[in-house]
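Because the structure is a prediction, the values reported are computed rather than measured. Proteins come first, then strands; the chains are lettered A, B, ... in the order of their sequence lines, and each starts at number 1.
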Amino acid sequence: MIKIYVPRDSSALAVGADDVAKAIAAEASAKKISIQIIRNSSRGLAWLETFVEVETAAGRVGYGPIDAGDVKRLFAAKFYEGQKHTLCHGLVDEMPYLKNQERLTFVRAGITDPVSLVDYQAHGGFEGLKKALAMSGAAIVTEVTESGLRGRGGAGFPTGIKWKTVHDAKADQKYVCCNADEGDSGTFADRMVMEGDPFMLIEGMTIAGIAAGATKGFIYIRSEYPDAITTMKQAIRIATDAKWLGNNIQGTDHSFTLEVRRGAGAYICGEETAMLESLEGKRGMVRAKPPIPALVGLFGKPTIINNVLSFAAVPYILAKGGTAYKNYGMGRSRGTLPFQLAGNIKHGGLVEKAFGITLRTLINDFGGGTYTGRPVRAVQVGGPLGSYLPASQLDLPMDYETFAANAAMVGHGGLVVFDDSVDMAQQARFAMEFCAIESCGKCTPCRIGSIRGAETIDKIVAGENRDANLILLEDLCQTMTDGSLCAMGGLTPMPVMSAVKHFPEDFDKPTRIAAE
Amino acid sequence: MAKTHTLIDLKSGKADPAVAIAARYNNKPDALLEILHDVQHELGHVPEKSLPAIANALNISRAEVYGVATFYHDFHLKPAGKHMMCGAEACQSMGGRALLAAIEKLLKIKVGETTADGLVTLEATYCLGLCASSPSMMVNGRPMARVDAKKAKAIIEGLRT
């Protein structure tokens, strides 16, 4: 029986993976070749999707990008024996894109069937939870603190300190909430975890529950991720049936239940307090802090809120020890970050590397430059609230502190590459426009500032009192930064001001055209 | 303890369908988004006349239900087709703006509008998490990536047949 892998990640499904799987099954049956199709997760080689793999004696051989129309030719070339073909990439494990990564979190990505417990455990799954089940909450917190793990959602707050706060809080009920409202453009690592290795998230959240003494958890998944929702729900059912969730996990005294809740298209619900409101069935309005959610969180109870990637890093930390994780990285940014190469890039996808890697290495060595082949002009790092960096800053190492010192942020590790055809004034305007659309409306700098910001950029672009309006824009951005309740209004000035600072020529078009 | 209320439609004598949906979630107020999703899935939109029934079932005010139903971009109080175009930065870097303009032209509507036949509603979404395969769209709840004008045209024709 020949094993053929066709991914079920939505980046593959969105380019016809189901049709590819069907075509392979049909052709195999017509040719009377005995095959087994396994719907694995994605390796993160997005430009090669649909990426089909065949198991051979030497290892798995990859073919991509495969379209249903290519299948007959693949069979003619005997791809099912791992034979050569123009779309063949040889042994998957030897592909430089994968070989040069340091995958701690994405160690099973693309290798396993996402909803197979057997696969999960055969590849190191639940080792961390097994250890945690025998540890005290305080000992788990110490291990996580030792690892140096910081919140992967973007803020970079030390996870161990957050967990300790919830652990130390006295309450009749505590909660663990996973923020899976991955709304930042250019990010998809959370989605890949949920679609590709859902038990890892379940394991990480369960460990958090044991650490804090919380017995109930919620995963708040955005509605734009229908496949992640389906897969997570399925995985929760399977884990519950196998006693990895529910009462008396694996026969111990620990209990933890999980529930998936769908978002409804509001970007602001990625802000943790807005997410809590949404989980309580309310409008996603940001709460004022303090009190912090670790003390007064979901339904007013102490709550651990972490991003998908933070929870997903925890099983490794428990299994291999905090020190093993800490040995990766630079400065105060410890461990690895799954970077997401997106936008105008030749080889877009997921690259998990230790902190300290430069943008240039990510974009050129892994990404292969722009998709269009034109020069890179700008890179937006960290989502729609992240700065636009010019090509001259590509040598910055990915590190929370280095980026902060350069008025930028690492955020969730998403990189959106733009070539030289981009109009940066248009991008700056979009940042304001986006803030106006997605603001919860609670605080004035964000609600009104964003609209005034878009108007002011329009005036600048039209050449209307350009210099005065640029000063006004800067002043407005300062007000938004200082006066907004949360990161939505507070960080929108980052893309705007970075565009003004690094690409002033784009805000001076009428003058330039007149001069030409 | 929330009581189960049944609002009867006076004309048909039947309970509002939202009542049964709310009961599925034990009439828990924190499940309001889930309830609205299910209502929209089953009825095609969230009819304004169902809001009082939901409010009653969850023992919260109509204003609260209306507030939630209108806060989130997903919920439509009026019937709508389903068709979303990713409008965020990663797609912009790959010609998303031009593609959106081409789709507007094809459908003869602007973003936020519905075609005269009620089949297609064009909306911007931020974002579908397919940023390494931009531009992307969501059509009838299914994500599609590496969309160009030709593929978009085929998709739209597919919707119409």
When you measure from the side chain of [X] to the backbone N and O of [Y], does any donor-acceptor pair fall under 3.5 Å?
| X | Y | value |
| --- | --- | --- |
| A:Arg261 | B:Asp30 | yes |
| B:Arg142 | A:Pro226 | no |
| B:Tyr72 | A:Gly284 | yes |

Contact part of [X] toward chain B, heavy-atom cut-off under 4.5 Å: side chain, backbone, both or neither?
| X | answer |
| --- | --- |
| A:Leu48 | backbone |
| A:Ser421 | neither |
| A:Phe218 | neither |
| A:Gln380 | side chain |

Find out whether [X] and [Y] are in side-chain contact, i.e. whether some heavy atom of one side chain is under 4.5 Å from a heavy atom of the other.
| X | Y | result |
| --- | --- | --- |
| A:Tyr371 | B:Ser93 | no |
| A:Phe430 | B:Arg97 | yes |
| A:Ser223 | B:Leu33 | no |
| A:Arg262 | B:Asp38 | yes |
| A:Asn344 | B:Gln92 | no |

Open item on the list: Going by salt bridge (charged side-chain N to carboxylate O under 4.0 Å, His left out), name the residues that satisfy it together with A:Arg283, two or more places apart in sequence or in a different chain.
Closed with: none

Open item on the list: Only heavy atoms, only distances under 4.5 angstrom. Which residues in residues 185-192 of chain A are near chain B?
Closed with: A:Ser185, A:Gly186, A:Thr187, A:Phe188, A:Arg191

Task: Side-chain H-bond candidate by donor/acceptor type, A:Gln427 with B:Glu89, under 3.5 Å - done: no

Open item on the list: One pair to check against side chain to side chain contact (heavy atoms under 4.5 Å, CB included): A:Tyr267 and B:His73. What are the steps and the verdict?
Closed with: CA-CA 9 Å; A:Tyr267 175 78; B:His73 301 307; over 6 Å; no

TODO: Identify the heavy atoms of A:Ser10 and B:Pro143 that sit nearest to each other, and give their distance.
DONE: CB-CG, 4.4 Å

